[in-house]
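Let me begin by presenting the structure, written as structure tokens, before commenting on it.
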Amino acid sequence: MPMPIVHLGATVLCMHAGSALPAAPFPRVTVSGQPVVQVTTPYAIAGCALTGTSAPPCTTGQWLAGATRVTAGGLPLAVVGGSAVCVAPGTGMLAVATQTRALAT
């Protein structure tokens, strides 16, 4: 099923409402004027609300699975329905707002 491609301007959050930004989007391919994100692109997370517990707050994350048929630079693209995880606590990340014109399977 086709899903929207994640790009630099997409709103991505950790499960605790921390804002996640891609560290190195792929600049040679753009959607809606923004560079796309490959599944191997690390994310930096700020503002994670997971504090005051024994688990560390989310600081970095990465997509685990993305598009199966669409690539950029030989690597699969991150898509809204793909799975993503925060590295430290192991909880997920969600793309909550992204462009809707370019889809990938």
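Quick note: numbers below take in every heavy atom, side chains included, and nothing from hydrogens, waters or symmetry partners.
Across Pro25 and Thr41, no two heavy atoms sit closer than the pair N-CG2, 4.2 Å. In terms of heavy-atom proximity, Leu8 sits nearest to Pro22 at CD1-CG, 3.7 Å. Considering all non-hydrogen atoms of both residues, Val79 and Ala104 come closest at CG1-CB, 3.9 Å. Shown here for Cys48 and Cys58, the closest heavy-atom pair between the two residues is SG-N, 3.3 Å.
Atom OG1 of Thr30 sits about 10.0 Å away from atom CD of Gln99, to the nearest 0.5 Å.
One hydrophobic cluster, built from ILVMFWY side chains closer than 4.5 Å, holds both Met93 and Val37. Val29 and Leu77 fall within a single hydrophobic cluster, where Ile, Leu, Val, Met, Phe, Trp and Tyr side chains are chained together by heavy-atom contacts under 4.5 Å. Each of Leu50 and Met15 belongs to its own hydrophobic cluster when Ile, Leu, Val, Met, Phe, Trp and Tyr are linked at side-chain heavy-atom distances under 4.5 angstrom.
Contact check for Val70 versus Pro76: no side-chain heavy atoms found under the 4.5 Å cut-off. Between His16 and Thr91 there is a side-chain heavy-atom pair separated by less than 4.5 Å. Using a 4.5 Å heavy-atom threshold, the side chains of Val31 and Arg101 count as separate. Between Leu64 and Ser83, some side-chain heavy-atom pair lies under the 4.5 Å cut-off. Considering only heavy atoms from C-beta on, Val6 comes within 4.5 Å of Trp63 through its side chain. A 4.5 Å side-chain heavy-atom check between Gln62 and Tyr43 finds every atom pair outside the cut-off.
Side chain to side chain, His7 and Thr98 meet the donor-acceptor criterion of an N or O pair below 3.5 Å.
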Problem set entry | Intermediate values then yes/no, side chain to side chain contact (heavy atoms under 4.5 Å, CB included), Cys86 and Ile45 | CA-CA 9 Å; Cys86 298; Ile45 302 170; 3.5 Å; yes
